[in-house]
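Report on the following structure.
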2 protein chains.
Amino acid sequence: MEAVAVALQILERDGPDGLTMRSIAAEMGIRAPSLYKHIEGKEELEALLIADSLRRSGKAMHDAVASLSARAGRRAALTALGHAYRAWALAHPHLYRLATGGPLPRERLPTGLEAWAAEPLVRAAGSQERARAAWAFAHGMTILELDGRFPPEADLNAAWESGLQALSR
Amino acid sequence: MEAVAVALQILERDGPDGLTMRSIAAEMGIRAPSLYKHIEGKEELEALLIADSLRRSGKAMHDAVASLSARAGRRAALTALGHAYRAWALAHPHLYRLATGGPLPRERLPTGLEAWAAEPLVRAAGSQERARAAWAFAHGMTILELDGRFPPEADLNAAWESGLQALSR
DNA sequence: GTCTATAGTGGGATAGAC
DNA sequence: GTCTATCCCACTATAGAC
């Protein structure tokens, strides 16, 4: 199993604090210094993880709109994307956080990947401004939920519903 | 100058990585160990910083709606809050990030502070669900801007405008 | 309240031999 | 590609004398 796959597994299992060059090496059955023959360093590793996240979450977004009927409106598309976005993030919380927290290492990412992942939303929203507003809403809902910032009794389904409805008009 | 004020100054000047027990002590003219006679530890310190952030940003929110005319509608209130929210965060980026990233240490915060800070938004939005959606949008826009996640050419004013308009209907 | 000294932990990264 | 041996860094925290 190569380094990135192992790192992914550790990240999802132990969280970001558990992901160290040492822990990756240990899981691979080698010593930490040997890892540097496989990977440049930690920055490179994180960029590879982010790229993987973009590829997989982007796929989930493309799939979400692909299954809609041709006559589905903006409301249906944004709702489908919102649900898929939230579901993906809740299923991969640590990876989501890694990929969306802090600056994007754009120089280290494959050209076009970021745009491809955003494509379904831009199409569904109808304009760049609306897409950015919708993304901000979705990311805000998601990260606040992951961080446990909403009160325990909060009805998050209702908040998503309310926001998606408003933003699709 | 006591510890919290010094910590605040270092945080805003050098960012979170520059904020260590050593740096705080140095700035106060004492050694790191002596700091523990003033403050329990780093968790306590961060909770105090977060409380300060809630107090000051909450004040900005209360002020933003207080200056509205009595006949102002929901749209005007949400717009004023949105602008004040963004302005406050951009003026205190490191503190904003500290106070909104990760779980809230609710046990360490003064009772009622969180609710008080949220009050203007809940009132302006008209319901808890709408308030949560609006907060998610505002936080999403803000943190994505702070993290440089939007493309450089993005028109963030337009995105704010678009989102606030949609969410105030 | 302050100091010196130190414990204990963890991290990323490199040199050079095999 | 792998190893051993290190280096460097940084941090929180405590003990005990003054």
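Quantities reported herein were computed from a predicted structural model and do not represent experimental measurements. Protein chains get the first letters and strands the later ones, always in sequence-line order, with residue 1 at the start of each.
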With sequence neighbours left out, the residues meeting ring-ring contact (aromatic ring centres under 6.0 Å, His included) with His94(B) are none
Write out all pairs satisfying ring pair (Phe, Tyr, Trp, His ring centres under 6.0 Å) with one or both partners inside residues 144-169 of chain A, taking only residues at least two apart or from two chains.
-> Phe137(A)-Trp160(A), Phe150(A)-Trp135(B)
For residues 140-152 of chain B, which residue pairs qualify under side chain to side chain donor-acceptor pair (under 3.5 Å), counting only residues two or more places apart or in two chains?
-> Arg86(B)-Glu145(B), Arg97(B)-Asp147(B)
Sequence neighbours excluded, the answer for ring-ring contact (aromatic ring centres under 6.0 Å, His included) partners of His62(B) is Trp116(B)
Note: chain B reaches DNA chain C at heavy-atom distances under 4.0 Å over the stretch, first to last nt, 5' to 3', of dT2(C) to dA5(C)
Pick base, sugar-phosphate or nothing for Thr20(A), based on heavy-atom distances below 4.0 Å to the nucleic acid.
-> sugar-phosphate
Write down the distance between CZ (Arg22(A)) and C1' (dC8(D)), rounded to a whole number of angstrom.
-> 11 Å
Hits for side chain to side chain contact (heavy atoms under 4.5 Å, CB included) against Arg106(A), two or more places apart or cross-chain, chain-then-number order -> Leu104(A), Glu114(A)
Ile24(B) CD1 - dA10(D) C1' separation (whole Å) = 15 Å
In chain order, what residues pass the side chain to side chain contact (heavy atoms under 4.5 Å, CB included) check against Met21(B), with sequence neighbours excluded?
-> Leu35(B), Tyr36(B), Lys42(B)
Determine which pairs satisfy ring pair (Phe, Tyr, Trp, His ring centres under 6.0 Å) with at least one residue from residues 8-30 of chain A, sequence neighbours left out, and list them in order.
-> none
What residues, two or more places apart in sequence or in another chain, satisfy side chain to side chain contact (heavy atoms under 4.5 Å, CB included) together with Ala51(B)?
-> Arg55(B), Leu109(B), Pro110(B), Leu113(B)
State, to the nearest 10°, the angle formed by the axis through the first five base pairs of the helix from dG1(C)-dC18(D) to dC18(C)-dG1(D) and the axis through its last five.
-> 0°
Which parts of residues 36-51 of chain B get close to DNA chain C, meaning a heavy atom less than 4.0 angstrom away?
-> Lys37(B), His38(B)
Just grab all the ring pair (Phe, Tyr, Trp, His ring centres under 6.0 Å) pairs involving residues 68-89 of chain A, residues at least two apart or on different chains.
-> Tyr85(A)-Tyr96(A), Trp88(A)-His92(A)
For Arg169(B) and Gln165(B), does a side-chain donor sit closer than 3.5 Å to a side-chain acceptor?
-> no
